[in-house]
Amino acid sequence: MRKKIAAANWKMNLSWKEGKELISQLIELSPTIPTAHQVIIAVPFPYLELAAQLVAAQPGYFISAQNCYHKAAGAYSGEVAASMLASVGIKYCIVGHSERREYQQETPEQLAAKLQLCFTHAITPIFCCGEPLSVREGGNPSEYVRSQLVESLSCLTSEQIAQLIIAYEPIWAIGTGKTASPEQAQEMHLAIRNYLTESYGSAIAQGIPILYGGSVKGSNAAAIFANPDIDGGLVGGASLNAVEFAAIIGALPQ
Ligand code: PGA
């Protein structure tokens with residue numbers, strides 16, 4: 001059985017004082033995470049170690065980075081290498097969030113390099129994909145997402161692919177309050193899983209958690225997560241509120 005995951009992405013929000021309170025409240029509201037579930041919280045770089053200490057005694061809670069650089073080391077001021085994340089005990093990293101693809105012009109080749117570096121350092125990447133509104137309205141969203149997967153995953157081995165977490169996040173649903181309908185989301189998740197099955201076989205494809213992201217809230221999480229190919233969510237806005245995010249954790253299928 002693949003894990004069901006509630007992942008928070010704080011993005012560039014919260015002081016450490018606020019973040020610390022949020023994690024403490026969350027642990028109070030959701031103290032016991034079933035073994036089939038995981039709660040992963042992606043925090044800004046300066047908070048990684050502090051946040052990891054806060055959840056260290058909480059089974060089922062993990063801390064993630066929101067990004068890493070596509071080079072191993074060197075004269076890249078301001079960047080953070082996957083090896084550095086590993087050196088402070090971080091085991092997860094978001095790769096290819098649409099905000100970085102758009103604002104930082106991250107390319108598929110750079111994302112492929114980041115994935116390789118994560119695997120080199122035993123970090124599980126949470127690889128994001130998803131179509132913009134123009135493709136949803138006038139194009140072929142599953143073809144678009146399939147190309148994103150082909151472009152960045154093709155260089156990985158089957159063993160590496162088997163370790164991946166994928167997040168399908170339609171760009172038009174991120175931070176907009178517009179959620180994909182559970183049917184739209186399931187259709188895309190199935191298309192992703194079909195691609196994985198064709199490329200890597202059913203055993204690997206069936207083991208990869210595929211999370212939905214885009215305006216997930218406490219009130220819509222259960223309907224989205226109830227679908228067979230949706231294994232939880234990657235949550236931005238609603239993850240900044242402990243009560244909301246605890247409700248999302250509670251909506252993970254048993
Ligand atoms: P949102 O963000 O939940 O605020 O739509 C999701 C994400 O970008 O991961």
Side-chain angles (χ1 to χ4, degrees), residues 3-14 18-19 22-23 26 30 38-45 47-48 51 62-68 92-106 111 114-115 118 124-133 135-136 141 144-145 148-149 152 164-182 184-186 188-189 192 208-225 227 230-252:
K3 293 267 185 202
K4 305 290 177 192
I5 300 171
N9 178 8
W10 289 0
K11 308 189 180 184
M12 199 175 75
N13 292 297
L14 307 178
E18 292 164 336
L22 177 57
I23 292 178
L26 198 58
S30 305
Q38 281 186 343
V39 175
I40 301 175
I41 307 173
V43 305
F45 289 132
Y47 309 160
L48 284 169
F62 302 90
I63 298 300
S64 172
Q66 298 177 11
N67 178 43
C68 64
Y92 295 88
C93 182
I94 297 176
V95 171
H97 192 281
S98 61
E99 286 150 13
R100 297 200 58 86
R101 290 181 192 251
E102 183 181 350
Y103 307 140
Q104 270 35 273
Q105 282 87 41
E106 290 188 348
L111 302 183
K114 290 180 192 219
L115 292 171
C118 282
T124 301
I126 303 171
F127 179 75
C128 300
C129 56
E131 80 284 359
L133 185 60
V135 171
R136 171 57 57 178
Y144 183 94
V145 166
Q148 287 181 318
L149 300 177
S152 295
L164 205 59
I165 298 171
I166 293 179
Y168 166 65
E169 302 203 299
I171 297 171
W172 48 273
I174 296 178
T176 58
K178 275 190 219 159
T179 319
S181 69
Q184 280 173 325
Q186 165 58 23
M188 291 300 291
H189 282 233
I192 293 169
I208 299 177
I210 308 177
L211 315 184
Y212 169 79
S215 300
V216 175
K217 322 185 262 267
S219 57
N220 61 18
I224 297 170
F225 298 169
N227 290 282
I230 302 182
D231 304 308
L234 178 55
V235 186
S239 77
L240 301 175
N241 178 304
V243 173
E244 275 289 316
F245 194 58
I248 292 167
I249 296 172
L252 289 173

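All ligand and atom numbering here is 1-based and tracks the order in the structure.
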So, taking the atom named OH in Tyr92 and the one named CD1 in Ile5, what distance separates them when rounded to the nearest 0.5 Å?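 Between atom OH of Tyr92 and atom CD1 of Ile5 there are 6.5 Å.
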CD1 on Ile126 to CD1 on Ile165, rounded to 0.5 Å: 5.0 Å
Who's touching ligand 1 if we go heavy atoms under 4.0 Å? Asn9, Lys11, His97, Glu169, Ala173, Ile174, Gly175, Gly214, Ser215, Leu234, Val235, Gly236, Gly237
Measuring only between side-chain heavy atoms, which start at C-beta, is Val43 closer than 4.5 Å to Leu48? yes
Would you check if Leu234 and Ile94 make a side-chain contact, meaning some heavy-atom pair closer than 4.5 Å? yes
List the residues meeting salt bridge (Lys or Arg N to Asp or Glu O under 4.0 Å) with Glu99, not counting sequence neighbours, and say none if there are none.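 Glu99: salt bridge (Lys or Arg N to Asp or Glu O under 4.0 Å) contacts with Lys11.
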Test Ile40 against Thr124 for side chain to side chain contact (heavy atoms under 4.5 Å, CB included), laying out the working first. CA-CA 11 Å; Ile40 301 175; Thr124 301; over 6 Å; no
